[in-house]
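Contents: one structure, followed by commentary.
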Amino acid sequence: MSTPPRYRFAPSPTGFFHVGGARTALFNWALARSTGGTFVLRIEDTDEARNKPEWTQGIIDSLAWIGISADDPHFEGPLFQSAYADAHLAAAQRLYEGGHAYYCEMTPDEIQTLAKAEGVTGYAGWSRDLGLGPGAGRVLRFRVPDGATVVRDQVRGEVEFDNSVIEDFVLVRSNGTPVFLLANVVDDMSMGITNVVRAEEHLPNTPKQQLIWQALGHAPPVWAHVPVLVNEQRKKLSKRRDKVALEQYRDEGYLADAMVNYLMTLGWSPGEQEIQPWSVMEQAFRLEDVNLSPAFFDIKKLGAFNGAYIRMMNNDDLGDACLPWLPESWGPEPFRSMVPFIRERLKTLAEAPDAVDFMYASDPEIDDASWDKAFAPDYALPLLRHVAEAYVVCDWDHATLKAVMEELMERFEVKLGKASAATRVAVTGRSVGPPLFEALEVMGRDESLRRLHAALNRLGG
RNA sequence: GCCCCCAUCGUCUAGUGGCCUAGGACACCACCCUUUCAAGGUGGCGGCACGGGUUCGAAUCCCGUUGGGGGUGCCA
């Protein structure tokens, strides 16, 4: 095989971009790039009722986000299926003239009624030999030949379908528009597609499409059907029920690299170490290694990947990446100074503001439970008084602040964690947060003391 | 109903007849570290769906059962 392969990704713009679609796109992208081939993006926009232009832009933006860039030399498109309507109809005409298709004027209702009466499951080729010509209200149906159709699939091996269970399916609707089965094949054919990698839900369509390829006089492409992604009920991920929009994950602060890495591990494994850069996965990916069973999309594991990727970033880059999630009224400081101390506490970028919000508030929002717990011990109040006193004069760096606290903790015979609890809640309002002395250093002496005194006042002196 | 696909810890997977007393990751639990919470470290829990074959030997091959999934549109 000397000609480079041509892969394609053919989503229909009927909603937000689906994580399952993203994984399929990634598989195609890895294959196209590692083989020196091409990734063709074709927007299947023939269902006018459901298609909207903004969804198309959403697909393009989402693909770009996960690294499938229209600027890459391996990328071709977007091509729009709607632009090829003439070719679809021309192919239909050829099938009709070649005897591979025939017209039928039965309505869906009539078919259902007759099928029930005859005890069959669907359309039983009733108009096959009527010799009907084209006309209003008539659909064009494919004349499924006798025999069997063997689909050679790179993921599943050979799958055989008995043609007798494939009914004479519709190629062109009574309103004259081609259906997906036909349009999809004709486009793949005219775009020179050599490899079709798509989700398993299309496997039952494949014998029909292969039959169309053959009737049109072409050898079919190499097929590959990858398993679907499922929810906790092990049902195919659905836009209605499940959180599947790639855009939503992006907006919630998941990193593209983490999402890409996680998606690639669904149905495939990059080896002993599952956190791998795209450059490695791209080269290692093989359809033959793809699993055959549906994979559960586990948000918890995605979160773990995301945390790992966040920790791989340097402080400056992480700070930059978090900026879009900060409230508009916030300046970059003290947030940037705090990045080194919150980085290993973040699972998503969106959590960044919550980690430091006490610094931006004019007064910390006191959590009553934390407060009560911190001041329950007898030593708490007197210790806090000493802290407020000592912090007036000591050097203002986290090491000194800690040393001062340690001195007091020995005097009160408690551990550092307990000794710091009152100060922490006084300054941050909560019992958990970033490292205390580092936060105090960043916040500065004046504001820190102000909060300590505010707490003492609240305690009545 | 019919057609097709699939079946390793709760989840994602490694494993292609002996390297398996089945490895890793997420989750969970415990301990360590520790200024809280995390992160990190160590350990633990936990699986080859079941039944028959084939073979000296089966997670790996074959058959069946059961279970799950996908499809069954003049949607894509």
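Keep in mind that this is a model prediction, so the values were computed, not measured. Reminder, nothing fancy here: chain letters follow the sequence lines and each chain counts from 1.
Pair assignment for B:G1: B:U72, on the basis of Watson-Crick or G-U wobble contacts that are both within less than 3.5 Å. Using the Watson-Crick or G-U wobble rule with both distances under 3.5 Å, B:A25 pairs with B:U11. For B:C61, the paired nucleotide is B:G53, the pair qualifying as Watson-Crick or G-U wobble because both relevant distances are below 3.5 Å.
Heavy atoms of other residues, nucleotides or ligands lying less than 6.0 angstrom from CD of A:Q112 number 12 at most. Other residues, nucleotides and ligands contribute at most 12 non-hydrogen atoms within 6.0 Å of the CG atom of A:D378. Within 6.0 Å of CD in A:E413 there are 12 or fewer heavy atoms belonging to other residues, nucleotides or ligands.
Taking the side-chain contact (heavy atoms from CB on, under 4.5 Å) definition, one finds that A:P78 meets it with A:L41, A:I43, A:I60, A:F80, sequence neighbours left out. Under the rule for a side-chain contact (heavy atoms from CB on, under 4.5 Å), the partners of A:A115 that lie at least two apart in sequence or sit in another chain are A:V120, A:W126. Residues forming a salt bridge (charged side-chain N to carboxylate O under 4.0 Å, His left out) with A:R128 (at least two apart in sequence, or on another chain): A:D168. In this structure A:D187 satisfies the salt bridge (charged side-chain N to carboxylate O under 4.0 Å, His left out) test together with A:R42, sequence neighbours excluded. The salt bridge (charged side-chain N to carboxylate O under 4.0 Å, His left out) search around A:R138 returns A:E105, not counting sequence neighbours. Remark: A:Y360 pairs with A:W330, A:P334, A:F335, A:V356 by the side-chain contact (heavy atoms from CB on, under 4.5 Å) rule, at least two apart or across chains. Legend: residues meeting side-chain hydrogen bond (donor to acceptor under 3.5 Å, both in side chains) with A:K243, ordered by chain and number and at least two apart, are A:E252.
Residue whose closest nucleotide on RNA chain B sits further toward the 5' end, between A:W268 and A:D162: A:D162.
Residue A:N291 contributes atom CG, which lies 14 Å from atom P of B:U16 at whole-angstrom precision.
A:T24 places a side-chain N or O within 3.5 Å of a backbone atom of A:G20 that can act as its donor or acceptor partner.
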Protein N or O to nucleotides 42-51 of chain B N or O, pairs below 3.5 Å:
none

Within the sub-3.5 Å range, which N or O atoms of nucleotides 19-23 of chain B have a protein N or O partner, and how far apart are they?
none

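Residues A:H386 and A:Y379 place their aromatic rings such that the two centres sit no closer than 6.0 Å. Between A:F16 and A:W55, the ring center distance clears the sub-6.0 Å criterion. In summary, the aromatic rings of A:Y262 and A:F297 are positioned with their centroids under 6.0 Å apart.
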Per-nucleotide protein contact string for nucleotides 60-74 of chain B, where B marks a base within reach and S marks sugar-phosphate only (heavy atoms under 4.0 Å, - for neither): ---------SBS--B
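The residue A:F169 sits apart from the nucleic acid: no heavy atom pair falls under 4.0 Å.
Taking a 4.0 Å limit (strictly below) on heavy-atom distances, residues 416-434 of chain A reaches RNA chain B at A:L416, A:G417, A:R424, A:S431, A:V432, A:G433, A:P434. For the segment residues 151-159 of chain A, residues with any heavy atom less than 4.0 angstrom from an atom of RNA chain B are, sorted by number, A:R156, A:V159.
Under 3.5 Å, the side chains of A:W223 and A:Q210 contain a donor-acceptor pair of N or O atoms.
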